[in-house]
Amino acid sequence: MAEEKSLEQKIIEQRKEKVEKLKELGFEPYAYKYEVNTKAGELLEKFGRHKEGEEREKETLPEEEFSLAGRIVSMRIMGKAAFFHIQDESGRIQCYIRRDAVGEEFYNKVFKKLIDIGDIVGVKGKLFRTRTGELTLEVSEMVPLTKSLRPLPEKWHGLKDTEKRYRQRYLDLIVNPEVREVFRTRSLIIKKIREFLDSRGFIEVETPVLQPIASGAAAKPFITHYNALDIDVYLRIAPELYLKRLLVGGFERVYELGKNFRNEGISTRHNPEFTMIEWYMAYADYEDLMEMTEELFEFLLDSVFGKGVREIEYQGTKISFKRPFRRISYLGELSKKTGLTEDELLHDEEKVLKKAKEVGIEKAEELSHFKRVQELFEALVEPELIQPTFVVDFPKAISPLAKEKRGNPELVERFELIIFGREVANAYTELNNPAEQEERFKQQLEERAKGDEEAMEYDADFITALEYGMPPTAGEGIGIDRLVMLFTNKDSIREVLLFPQLRPEKRCGEEICQLESEGE
RNA sequence: GGGCCGGUAGCUCAGCUGGUAGAGCAACGGACUUUUAAUCCGUAGGUCGCAGGUUCGAAUCCUGCCCGGCUCACCA
């Protein structure tokens with residue numbers, strides 16, 4: 001079609017020819033397997049350092065041959081010998097290949113002509129140290145394993161274009177080692193959370209992602225269609241009501257770690273599909289959960305940063321996780337910030353509205369009284385809570401699934417853990433009185449009727465379940481993505497999601513493009 | 001959705017007071033058996049995001065659109 005070829009296309013064609021030539025010479029350009037007995041990182045770990053000032057003649061590196069495999073990420077050919085770096089999952093190690101060691105035929109016709117930066121190869125050889133002290137594998141055998149057809153991003157500057165980094169995350173992962181580190185940490189955090197809960201007798205469960213009623217949180221759902229049943233269903237906004245049914249069923253400690261979906265804005269703090277851990281524990285209350293949360297953080301800090309580390313730096317700010325975390329009351333703190341009394345916050349609609357307007361809360365008039373209170377809280381209190389802080393005892397009206405606070409029927413036993421102004425955990429002593437739950441759902445319906453799209457859906461079967469009896473229970477949810485952001489010092493949620501949601505690219509030059517542009 | 005910033009070679013970036021594009025790396029050819037951002041000589045590579053407009057002339061100015069980043073709003 002197009003006569004002129006881009007440089008990239010030319011490279012691809014050249015390399016396709018190399019694939020054919022490799023075949024002609026009896027090599028499999030897309031090999032099946034390679035026996036490795038070590039990794040780059042393992043060799044560097046064991047033999048990488050040599051003491052400064054130590055005579056290298058005295059140093060003994062093992063005589064045995066090692067074999068490893070990975071991607072060639074740099075190459076320096078110097079006539080009859082060459083250096084290159086090979087990168088595997090664990091790191092990158094330098095290799096040295098000499099014509100006289102691998103044979104003139106292979107060196108000249110295969111290595112120099114048919115192997116490129118980006119190719120995946122297997123190598124075997126002994127270790128030695130170069131003049132400057134870098135641990136290096138002297139290649140006695142090299143086997144092409146996978147031919148790479150496209151040129152890699154630049155070795156020194158890496159890949160910086162954020163759009164490309166997200167769209168082609170694989171390139172980001174090849175070229176930017178710190179990105180691999182972020183996702184390793186993410187994996188570790190998730191693994192350790194499971195370990196923490198498993199060790200306390202929890203079982204991991206899976207509940208429906210496709211739900212006929214999207215309830216358990218205040219959010220707009222994604223809608224999809226279930227062909228087999230010919231009904232619209234929702235992608236879950238929370239697993240909460242299903243998990244509680246399991247408590248009715250007799251499981252006493254359950255957790256679910258998985259995706260939730262909320263059809264809302266995308267930003268540095270929000271991705272429409274995000275990962276949550278929720279756990280429920282029978283015969284416990286929110287006090288127990290606060291303690292457990294502190295223990296969980298200690299466990300995670302030990303695992304990610306090293307035993308005993310209780311202070312980390314996030315975006316230039318020191319965050320201390322020394323127990324106990326600060327505890328403040330929702331109304332008490334809001335009272336301090338607004339100058340209104342707790343009683344006024346609960347009952348004086350006029351004063352709260354006036355304050356909301358004063359603070360600049362948009363459309364304050366349209367909000368219900370307690371939504372205004374919550375807005376004030378989010379505007380005045382949350383941003384100032386930098387160090388880990390439990391905010392306790394929320395107004396009942398904004399917490400339809402939480403149990404009334406002992407001694408104060410206007411509040412519920414609920415806490416949020418706020419760190420760096422962001423909500424990291426949300427938990428309550430769970431409401432298990434079916435009559436009251438029904439009442440609370442009805443209030444939510446009223447809110448919905450007044451125009452609050454995010455008011456919670458009424459779930460009749462959940463009420464039925466509660467009527468069979470759910471034991472006293474405490475439940476908590478933690479947003480994994482935000483936790484990972486905190487632990488990896490990332491300011492954008494996209495940096496902790498392997499494939500963040502982006503608008504699809506239009507591929508012009510193809511028929512699709514025309515069809516698409518007409519379709520709008 | 002609003003505001004601000006950006007999109008130039010495969011990658012990282014210059015060029016932006018209008019005169020049709022440059023560097024480094026990567027690629028290709030050559031020299032080089034301890035280099036390490038290897039070095040040296042040579043070659044090739046671009047519908048300057050897309051579409052219009054102004055102009056003798058647009059990467060550069062104007063308008064619209066597409067994509068992205070940050071931010072505000074909503075949420076976890």
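Excluded from the calculations below are hydrogen atoms, water molecules and symmetry mates; all remaining heavy atoms, backbone and side chain alike, are included. Chain identifiers are assigned alphabetically (A, B, ...) following the order of the sequence lines, protein sequences preceding nucleic acid strands; residue numbering begins at 1 within each chain.
Between A:Phe441 and A:Ser215 the shortest side-chain heavy-atom distance falls below 4.5 Å.
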With a 3.5 Å cut-off and sequence neighbours excluded, list the donor-acceptor pairs that the side chains of residues 484-501 of chain A form with protein atoms.
| unit_1 | atom_1 | unit_2 | atom_2 | d |
| --- | --- | --- | --- | --- |
| A:Thr488 | OG1 | A:Val484 | O | 2.6 |
| A:Asn489 | OD1 | A:Gln315 | N | 2.6 |
| A:Asn489 | OD1 | A:Gln315 | NE2 | 3.1 |
| A:Asp491 | OD1 | A:Arg269 | NH2 | 3.4 |
| A:Asp491 | OD1 | A:Arg422 | NH2 | 3.0 |
| A:Ser492 | OG | A:Arg494 | N | 3.3 |
| A:Glu495 | OE1 | A:Arg165 | NH2 | 2.8 |
| A:Glu495 | OE2 | A:Arg165 | NH1 | 3.1 |
| A:Glu495 | OE2 | A:Arg165 | NH2 | 3.4 |
| A:Glu495 | OE2 | A:Tyr166 | OH | 2.7 |

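Closest approach to the A:His157 side chain among B:U71, B:U12, B:C11 is made by B:U12 (side chain taken as heavy atoms from C-beta onward). Residue A:Glu163 has its side chain nearest to B:C67 when only B:A73, B:C67, B:A26 are considered. Relative to the side chain of A:Pro151, the nucleotides B:C11, B:A26, B:U71 differ in distance, and B:A26 lies closest. Here B:C70 is the nucleotide among B:U12, B:C70, B:G10 with the atom lying nearest to any side-chain atom of A:Arg494. Distances were taken from every side-chain heavy atom of A:Leu159 (C-beta onward) to each of B:U12, B:A27, B:C70; the shortest belongs to B:U12. Taking the side chain of A:Asp116 as heavy atoms from C-beta on, and the options B:C28, B:U35, B:G45, the nearest nucleotide is B:C28. The side chain of A:Thr162 lies closest to B:G68, out of B:C11, B:G68, B:A26. Nearest nucleotide to the A:Leu7 side chain, out of B:G45, B:U35, B:U71: B:G45.
Applying the salt bridge (charged side-chain N to carboxylate O under 4.0 Å, His left out) rule to pairs touching residues 382-394 of chain A yields A:Lys337-A:Glu384, A:Asp393-A:Lys405, sequence neighbours excluded.
Within the model, atoms OG of A:Ser399 and CD of A:Gln374 stand 8.0 Å from one another, a figure rounded to the nearest 0.5 Å.
Nucleotides B:A58 and B:U20 have their C1' atoms positioned 8 Å apart, rounded to a whole Å. One C1' atom belongs to B:A14, the other to B:G29, and the distance between them is 28 Å to the nearest Å. For B:A59 and B:G49, the C1' atoms lie 12 Å apart once the distance is rounded to whole Å. Comparing the C1' positions of B:G69 and B:G10 gives an interatomic distance of 22 Å, to the nearest angstrom. For B:G19 and B:C48, the C1' atoms lie 16 Å apart once the distance is rounded to whole Å. Here, B:G57 and B:G18 have their P atoms 15 Å apart, quoted to the whole Å. Comparing the C1' positions of B:C74 and B:U60 gives a spacing of 40 Å, expressed to the nearest Å.
In this structure B:G64 sits in a base pair with B:C50, meeting the Watson-Crick or G-U test at under 3.5 Å.
Under 3.5 Å, the side chain of A:Glu134 and the base of B:U34 form no donor-acceptor pair of N or O atoms.
Using a 4.0 Å heavy-atom distance criterion, A:Lys18 is classed as a sugar-phosphate-only contact. Residue-level contact check: A:Glu375 touches the backbone only, with heavy atoms under 4.0 Å from sugar-phosphate atoms and none from bases. Across all strands shown, A:Gly158 has heavy atoms under 4.0 Å from sugar-phosphate atoms exclusively, and none from any base. Residue contacts shown for A:Arg150 are absent, as no nucleic acid heavy atom lies under 4.0 Å away. The residue A:Asn426 sits apart from the nucleic acid: no heavy atom pair falls under 4.0 Å. Backbone-only engagement by A:Gln14 is indicated by non-hydrogen atom pairs under 4.0 Å involving sugar-phosphate atoms exclusively. Residue-level contact check: A:Asn271 touches the bases, meaning some heavy atom is under 4.0 Å from a base atom. Counting any heavy atom pair closer than 4.0 Å across all strands shown, A:Tyr166 reaches sugar-phosphate atoms only and no base atom.
If you take CD of A:Gln9 and P of B:A27, they are 18 Å apart, rounded to a whole angstrom. As rounded to whole Å, 14 Å separates atom P of B:A9 from atom CD of A:Glu154.
A:Phe222 pairs by the ring-ring contact (aromatic ring centres under 6.0 Å, His included) definition with nothing, not counting sequence neighbours. Residues satisfying the ring-ring contact (aromatic ring centres under 6.0 Å, His included) criterion with A:Phe84, sequence neighbours excluded, are A:Phe111. Scored by the salt bridge (charged side-chain N to carboxylate O under 4.0 Å, His left out) test, A:Arg92 finds no partners at all (sequence neighbours excluded). Partners of A:Tyr330 according to the ring-ring contact (aromatic ring centres under 6.0 Å, His included) rule, which considers only residues two or more places apart in sequence or in another chain, are A:Phe377, A:Phe394. In this view, A:Glu446 satisfies the side-chain contact (heavy atoms from CB on, under 4.5 Å) rule with no residue, not counting sequence neighbours.
Without hydrogens or angle criteria, A:Glu264 side chain to A:Lys220 main chain gives a donor-acceptor distance under 3.5 Å. A donor-acceptor distance shorter than 3.5 angstrom exists from the side chain of A:Glu294 to the backbone of A:Phe325, with no hydrogens or angles considered.
Comparing A:Ala217 and A:His85 along RNA chain B, the residue whose closest nucleotide (by nearest heavy atom) sits nearer the 5' end is A:His85.
Residue A:Lys113 has a polar side-chain atom (N or O) positioned under 4.0 Å from OP1 or OP2 of B:G30. Taking 4.0 angstrom as the limit, A:Lys220 places none of its side-chain polar atoms (N or O) nearer than this to OP1 or OP2 of B:C74.
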Test log, rule side chain to side chain contact (heavy atoms under 4.5 Å, CB included), inputs A:Thr130 and A:Gln94: CA-CA 10 Å; A:Thr130 62; A:Gln94 180 167 261; 3.7 Å; yes

Check nucleotides 1-3 of chain B for protein N or O atoms closer than 3.5 Å to its own N or O atoms and list the pairs.
none

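Near RNA chain B, defined here as any heavy-atom distance below 4.0 Å, the residues from residues 71-83 of chain A are A:Arg76, A:Ile77, A:Met78, A:Gly79, A:Lys80, A:Ala81, A:Phe83, listed numerically.
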